[in-house]
Amino acid sequence: MFLPEGLSLGGAPANFTVMAARLGDHAAILSRIGRDDLGRQAIDRLNPMPADTSCLEIDPVHETGRVTVEFANGEPQYVIHHPAAWDFLELSDEWVRMAERADAVCFGSLAQRSVKSRQTIQTLAAQTPDRCIRIFDVNLRAPFFSDEVIQESLELATVLKMNEDEVPQVLKLLGLPVDEEPERERLRQGADRLLEEFPTLQMVAITRGGRGSLLVRRDEWNEHPGFPVKVADQIGAGDAFTAAITHYALRGADLSALNEAGNRWGAWVASQTGAMPAFTESVRTEIAAAIEG
């Protein structure tokens with residue numbers, strides 16, 4: 001979680017959780033903030049949103065996480081300050097109980113940059129029931145990733161989500177071949193290799209910015225062209241995509257519907273300012289009707 005320059009609320013755990021809650025799921029943020037002004041401001045901004053913040057940990061020593069975001073050619077560039085409170089996640093009995101009854105859990109690579117938080121996150125993912133959808137969201141922010149984190153996380157995940165630029169990087173980190181085929185075939189072949197390498201993995205989701213996304217399972221795949229929108233900024237769009245496909249996967253939707261949902265909500269967030277833009281029931285109803293109609 002972060003409140004960067006200008007005090008914009010964000011961070012993958014909060015972005016994902018708020019969007020999931022806005023779609024109608026009971027969603028809880030498992031993260032850690034400092035006992036400081038930024039932490040208090042984060043809570044003040046999150047409380048009116050439909051997300052469960054009751055399990056947020058308060059760190060008495062370390063500061064609330066901050067990220068400085070700059071834009072180059074419309075693409076966000078991140079400076080992720082460290083250490084931060086979320087580098088010191090503690091495995092509480094309350095968090096374990098939540099994991100044991102979870103229908104879905106989303107965890108990332110960036111949050112595992114410290115050994116302590118990595119152990120907590122992986123223990124929680126391992127405590128979830130077999131039916132739980134376990135989404136591993138790759139965020140390759142140098143220097144905060146390693147082949148070990150990718151390997152261990154994929155051994156726990158049922159869904160892998162990454163962007164097209166991260167596909168060859170993940171394959172190389174894992175020592176898997178990277179093909180020189182045209183882009184579509186290269187992405188599909190990369191997804192197939194990952195599904196073959198990791199038996200618990202059931203789906204690979206690859207986002208392509210404004211050009212849509214590719215969803216791949218062992219026996220089927222689906223490609224979506226995306227939706228043209230006037231981009232305000234892309235912060236949080238990927239998290240909205242992930243929350244949307246998770247919401248509809250829990251309801252048994254097919255790949256086409258998952259792709260439609262992910263791209264519609266990702267495009268909507270990209271067309272707004274900030275990772276958690278102002279939201280109305282009419283927006284939810286209109287986009288839900290387009291997805292489900």
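For reference, positions follow the sequence shown, starting with 1.
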With side chains defined as the heavy atoms from C-beta onward, is the minimum distance between Met98 and Cys55 less than 4.5 Å? yes
How many angstroms lie between CZ in Arg118 and CG in Asp87, if you round to the nearest 0.5 Å? 11.5 Å
Looking only at side chains, do Ser54 and Asp52 share a donor and an acceptor under 3.5 Å apart? yes
Gap between atom CH2 of Trp95 and atom CD1 of Ile121 - 0.5 Å precision: 8.0 Å
Give a yes or no on whether Met276 and Met19 share a hydrophobic cluster (residues Ile, Leu, Val, Met, Phe, Trp, Tyr; joining criterion: side-chain heavy atoms under 4.5 Å apart). no
Does a side-chain N-to-carboxylate-O contact under 4.0 Å join Glu94 and Arg97? no
Looking only at heavy atoms, which two atoms of Leu89 and Thr120 are closest? And how far apart? O-OG1, 2.8 Å
Take a 6.0 Å sphere around NZ of Lys116 and say whether it holds more than 12 heavy atoms from other residues, nucleotides or ligands. yes
Would you say Val18 and Ile135 are hydrophobically clustered, going by side-chain heavy atoms of ILVMFWY under 4.5 Å? no
Any side-chain heavy atom of Val67 sitting closer than 4.5 Å to one from Val79? no
Derivation and outcome, salt bridge (charged side-chain N to carboxylate O under 4.0 Å, His left out), residues Arg251 and Asp25: CA-CA 11 Å; Arg251 287 150 182 81; Asp25 300 311; 2.8 Å; yes
Is Asn259 reaching over with its side chain to a backbone N or O of Asn222, donor-acceptor style, under 3.5 angstrom? yes
Determine, step by step, whether Leu194 and Leu171 satisfy the side chain to side chain contact (heavy atoms under 4.5 Å, CB included) criterion, reporting the C-alpha distance in whole Å, the side-chain angles of both residues, the deciding distance to 0.1 Å, and the verdict. CA-CA 8 Å; Leu194 291 163; Leu171 292 172; 4.0 Å; yes
Let me see the working for Val231 and Val229 under side chain to side chain contact (heavy atoms under 4.5 Å, CB included), right down to the final yes or no. CA-CA 6 Å; Val231 175; Val229 294; 4.2 Å; yes
Going through the distances and angles, do Leu201 and Val159 end up as a side chain to side chain contact (heavy atoms under 4.5 Å, CB included)? CA-CA 6 Å; Leu201 202 59; Val159 176; 5.6 Å; no
Please name the pair of heavy atoms, one in Pro60 and one in Arg32, separated by the smallest distance, quoted to 0.1 Å. CD-NH2, 4.1 Å
Can you tell me if Glu155 has over 12 outside heavy atoms packed within less than 6.0 Å of its CD? yes
Out of Glu164, Glu223, His224, which one pairs with Arg211 under the side chain to side chain donor-acceptor pair (under 3.5 Å) rule? Glu164
Please test Phe16 against Thr246 for side chain to side chain contact (heavy atoms under 4.5 Å, CB included), starting from the C-alpha separation and ending with a verdict. CA-CA 10 Å; Phe16 174 89; Thr246 304; 3.9 Å; yes
Here the pair of heavy atoms bringing Ala14 nearest to Ile29 is CA-CD1, 4.0 Å
Does the side chain of Arg22 come within less than 4.5 Å of Arg284's, by heavy atoms? no
State whether Arg35 and Asp59 are salt-bridged, where the test is any N-O pair (Lys NZ or Arg NE/NH1/NH2 against Asp/Glu carboxylate O) under 4.0 Å. no
Is the closest side-chain heavy-atom distance between Ile133 and Asp103 below 4.5 Å? no
Counting heavy atoms not belonging to Glu196, are there more than 12 under 6.0 Å from its CD? no
Check the side chains of Glu260 and Tyr248 for a donor-acceptor pair under 3.5 angstrom, ignoring hydrogens and angles. no
Would a 4.5 Å heavy-atom cut-off, applied to side chains only, mark Glu185 and Arg188 as touching? no
Say whether Leu255 and Phe227 are linked into one hydrophobic cluster, either directly or through other cluster members, by side-chain heavy-atom distances under 4.5 angstrom. no
Linking Ile, Leu, Val, Met, Phe, Trp and Tyr through side-chain heavy atoms less than 4.5 Å apart, which residues share a cluster with Val105? none
Does a donor on one side chain and an acceptor on the other come within less than 3.5 Å for Gln122 and Gln112? yes
Taking all atoms of both residues into account, what is the closest heavy-atom pair of Ala244 and Leu23, and its distance? CA-CD1, 3.7 Å
Rounded to the nearest 0.5 Å, what's the gap from CG on Leu215 to OG1 on Thr207? Could you check? 10.0 Å
Which heavy-atom pair separates Leu258 from Arg217 by the least distance, and what is that distance? CD1-NH2, 4.0 Å
Are the charged groups of Arg186 and Asp179 less than 4.0 angstrom apart, N to O? no
Joint cluster assignment, Phe88 & Leu38, ILVMFWY side-chain distance < 4.5 Å: no
Does the side chain of Asp36 come under 3.5 Å of the side chain of Thr64 through a donor N or O and an acceptor N or O? yes
Working to the nearest 0.5 angstrom, can you tell me the gap between Ser31 OG and Leu46 CG? 10.0 Å
Find out whether Leu110 and Trp86 are in side-chain contact, i.e. whether some heavy atom of one side chain is under 4.5 Å from a heavy atom of the other. yes
Do other residues, nucleotides or ligands put more than 12 heavy atoms under 6.0 Å from Glu286 CD? no
Using a 3.5 Å distance criterion without hydrogens, assess whether the side chain of Glu57 forms a donor-acceptor pair with backbone atoms of Glu90. yes
Taking side chain as C-beta onward, heavy atoms only, is Arg134 less than 4.5 Å from Thr128? yes
Tell me, which pairs form a ring-ring contact (aromatic ring centres under 6.0 Å, His included) where one or both residues lie in residues 98-157, sequence neighbours left out? His82-Phe144, Phe107-Phe136
Quick check for you: to the nearest 0.5 Å, what is the distance between Thr158 atom OG1 and Leu156 atom CG? 10.5 Å
What I'd like to find out is whether the side chain of Ile287 reaches to under 4.5 Å of the side chain of Trp268, using heavy atoms alone. yes
Using every non-hydrogen atom in the two residues, find where Ala237 and Val269 come nearest and quote the distance to one decimal. N-CG1, 3.7 Å
For the residue pair Asn263 and Ser213, confirm or rule out a side-chain donor-acceptor distance under 3.5 Å. yes
Got more than 12 heavy atoms from elsewhere within 6.0 Å of CG, Asp130? no
CZ of Arg66 to NE2 of His81, rounded to nearest 0.5 Å, is 4.5 Å
Hydrophobic clusters here meaning ILVMFWY residues chained together by side-chain heavy-atom distances under 4.5 Å, can you tell me if Leu174 and Met162 are in one? yes
Donor-acceptor under 3.5 Å (Gln234 side chain, Gly209 main chain): no
